[in-house]
2 protein chains.
Amino acid sequence: MASVGRSGPKPGVETRERLLAAAESLFMEQGFRSTSLREITARAKVNLAAVNYHFGSKDALVREVLQRRLGPLNEARVQYLDRLEAEASGPLPVERILEALLLPALRLSRNPLEHGSTVLRLLGRAFSEPGDYMKDFLPDQYRVAARRFQQALGRAMPHLPESELVWRMHFTFGAIAYVMAGDDALQLVASCQAPEADNPEAIVRRLVPFLAAGLQAPTAPPLDGSPPTLAGTLPRRAA
Amino acid sequence: MASVGRSGPKPGVETRERLLAAAESLFMEQGFRSTSLREITARAKVNLAAVNYHFGSKDALVREVLQRRLGPLNEARVQYLDRLEAEASGPLPVERILEALLLPALRLSRNPLEHGSTVLRLLGRAFSEPGDYMKDFLPDQYRVAARRFQQALGRAMPHLPESELVWRMHFTFGAIAYVMAGDDALQLVASCQAPEADNPEAIVRRLVPFLAAGLQAPTAPPLDGSPPTLAGTLPRRAA
DNA sequence: GTTAGATTCAAACAACTGTTTGAATCATGC
DNA sequence: GCATGATTCAAACAGTTGTTTGAATCTAAC
């Protein structure tokens, strides 16, 4: 006899997953701090106490929701980068490194089993939300991957000082986090809605050339305001 | 007889300004939503009810704090851009347009009368914080300036399709907001602390070449996944 | 000195937060 | 059937939030 009339395998595990799904969607819509446990349990159609029973606290729920997405994503990014470097002979071009940074996120968003593009916006929120939740948690998830990409980019642009590279990676992550945060931030400034805002692949196709050019840009003149010369617009290696 | 022993001119206006100052500093440190009225009134050394008496509500306080900074900043940006265009003969180079976007913010942060770099981080927070406070308010402050800069950038890069320009402006604002948000977001990802993170001028000097190169980057190939050719790395006008 | 209005203050308000409790319910082993 | 442990549930907990109240205080004009 199929002991349960419903579809759920175990009684406990289904509410656990329903909580994760409800929390993820609500976090994406409203942010982490602004979402209450009562909203989450209401959407998940479970009792309020279920969160503390299954996860211990709201903070632990947030961590679990993030870890479920961030961990695999950064692993995939690093693996993608490893594979590219193993196949190539010399150092990778910047565009390929950016590909390793963006394509795994794109694939994640395209997976119909997961809730698609909501995942990307969730990650964007993780960076937008300041303060307590992320302060100690996110870095551990990202530091390894960030160091790995800094190393690859350093090989691709050996002429670029490390301090300059660190800053340009910051700018890069800023642009990425901004578009991943979703409509909220995008509509804030734009006079008109950007086209294809809901198509991650289209965004990536526009983002890579932008970032590649920025990362490889000639460095600024050391001090005074003399405008960059035309010669300065050529990559250093050509000089 | 100097009717008041203290320095304050009017009794009411001083607590009003003390509230604005305390709120601004706390908003910058903790964000808007996470800062309670009791924290604000405690730091300002005024009664709790003073906020609702002088401003009506917390939301109105937030708006007032932002408007006091965002309004003049965006006015200065547009004026700077107007002056550059009036002096130049043809269309402005992208670097000058970015200069108009960034230098007024830099000057604001350098003003010792204001609380210096705290202002920049406050503005960064305004973009980082999702949800209710900004949704209806920030756009009005920014839409005019954003349209003005889009127009200038369009003139500087007439070959660039408008849809592409809108997206690249988004990327640009993302990078700017990210570095303006301050240490929180920066330390999140970096394996090591970026140098001169507290020196706005140094950041701008690094940011302009990055963004200028990104904005003027060659556009991506239209569809299929063929890796960008070497010819594709040249600007369109050279084709 | 008295009066009128603006400002401050302590106290309470209602609504919400995350968390805990203890009994009820369930599935499942014996 | 019965007992055991896991899970659910309604209810309450203690704490914080933004806001309101009504009396007390201050300022300034008459």
Side-chain angles (χ1 to χ4, degrees), chain A residues 1-23 26-27 29-66 129 131-134 137, chain B residues 1-23 26-27 29-66 129-135 137:
Chain A
M1 61 191 87
S3 60
V4 284
R6 313 303 173 81
S7 55
K10 286 278 186 65
V13 60
E14 197 200 303
T15 75
R16 218 188 109 97
E17 284 176 7
R18 211 152 44 183
L19 274 174
L20 284 172
L26 278 169
F27 288 159
E29 296 170 12
Q30 310 176 347
F32 302 92
R33 185 160 222 131
S34 307
T35 301
S36 71
L37 290 186
R38 283 167 178 82
E39 290 179 273
I40 297 173
T41 54
R43 175 169 297 194
K45 291 195 176 65
V46 303
N47 189 272
L48 168 62
V51 169
N52 289 275
Y53 178 78
H54 284 279
F55 299 95
S57 68
K58 181 187 178 181
D59 283 37
L61 208 214
V62 173
R63 274 192 292 271
E64 189 94 9
V65 167
L66 281 180
E129 193 115 350
D132 318 343
Y133 284 136
M134 320 301 155
F137 171 67
Chain B
M1 61 191 84
S3 60
V4 284
R6 311 302 173 82
S7 57
K10 285 276 186 66
V13 59
E14 196 198 304
T15 76
R16 217 188 108 95
E17 284 177 8
R18 208 150 45 178
L19 274 174
L20 283 172
L26 278 170
F27 288 159
E29 296 170 12
Q30 310 176 349
F32 302 93
R33 184 159 223 133
S34 306
T35 302
S36 72
L37 290 186
R38 284 167 178 83
E39 289 178 273
I40 297 173
T41 53
R43 174 169 297 192
K45 290 196 177 65
V46 303
N47 188 273
L48 168 62
V51 169
N52 289 276
Y53 177 79
H54 284 279
F55 299 94
S57 69
K58 182 187 177 181
D59 282 38
L61 207 214
V62 172
R63 274 192 292 271
E64 189 95 10
V65 168
L66 280 180
E129 193 116 351
D132 319 343
Y133 284 135
M134 320 300 156
K135 202 88 177 214
F137 172 67

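All heavy atoms count here, side chains included; hydrogens, waters and symmetry mates do not. A note on names: the letters A, B, ... follow the listed sequences, proteins ahead of strands, and every chain is numbered from 1. Worth saying up front: this structure is predicted, and the values here are computed from it rather than measured.
Across the protein-nucleic acid pair, A:Leu37 atom CG and D:dC9 atom P stand 16 Å apart, rounded to whole Å. One interatomic measurement links the two molecules: CG of A:Asp59 to C1' of C:dT17, which rounds to 13 Å at whole-angstrom precision. Separating the CZ atom of B:Phe55 from the C1' atom of D:dG18 is a distance of 15 Å, rounded to the nearest angstrom. Atoms NZ (A:Lys58) and C1' (D:dG15) sit 15 Å apart, rounded to a whole Å. Atom-to-atom, CD of A:Glu14 to C1' of C:dC26 comes out at 14 Å; the value is rounded to the nearest Å. Atom pair B:Asn52:CG and C:dC9:C1' shows a separation of 14 Å (rounding to whole Å applied). Going from atom CG of A:Leu19 over to atom P of D:dT7 covers 13 Å, rounded to whole Å.
Counting heavy atoms from C-beta outward, A:Glu64 and A:His54 have side chains that stay 4.5 Å or more apart.
Where B:Arg38 and A:Tyr53 meet DNA chain C, the nucleotide closest to each residue was compared, and B:Arg38 sits on the side nearer the 5' end. Heavy-atom distances to DNA chain D give each of B:Thr35 and A:Ala49 a nearest nucleotide, and the one nearer the 5′ end belongs to A:Ala49.
For D:dA6, neither phosphate oxygen OP1 nor OP2 lies less than 4.0 angstrom from any side-chain nitrogen or oxygen of A:His54. Under 4.0 angstrom from either OP1 or OP2 of C:dT8 there lies at least one side-chain N or O belonging to B:Thr15. For D:dT17, one of the phosphate oxygens OP1 or OP2 lies less than 4.0 angstrom from a side-chain nitrogen or oxygen of B:Ser36.
Scored by the side chain to side chain contact (heavy atoms under 4.5 Å, CB included) test, B:Leu48 finds B:Leu37, B:Arg38, B:Thr41 as partners (sequence neighbours excluded).
When all heavy atoms of A:Phe32 and A:Lys58 are compared, the closest pair comes out as O-NZ, 3.2 Å. The minimum heavy-atom distance linking A:Val46 with A:Thr15 is given by the pair CG1-CB, 3.9 Å.
Sorted pairs that involve residues 46-57 of chain A and meet salt bridge (charged side-chain N to carboxylate O under 4.0 Å, His left out), not counting sequence neighbours, are lacking altogether. Contacts classified as salt bridge (charged side-chain N to carboxylate O under 4.0 Å, His left out) and involving residues 42-51 of chain B (residues at least two apart or in different chains) are given here: B:Glu29-B:Arg43.
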Determine, stepwise, if the pair B:Phe55 / B:Leu20 fulfils side chain to side chain contact (heavy atoms under 4.5 Å, CB included). CA-CA 10 Å; B:Phe55 299 94; B:Leu20 283 172; 3.9 Å; yes
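For DNA chain D, the neighbouring residues in residues 39-48 of chain A, judged by any heavy atom under 4.0 Å, are A:Asn47.
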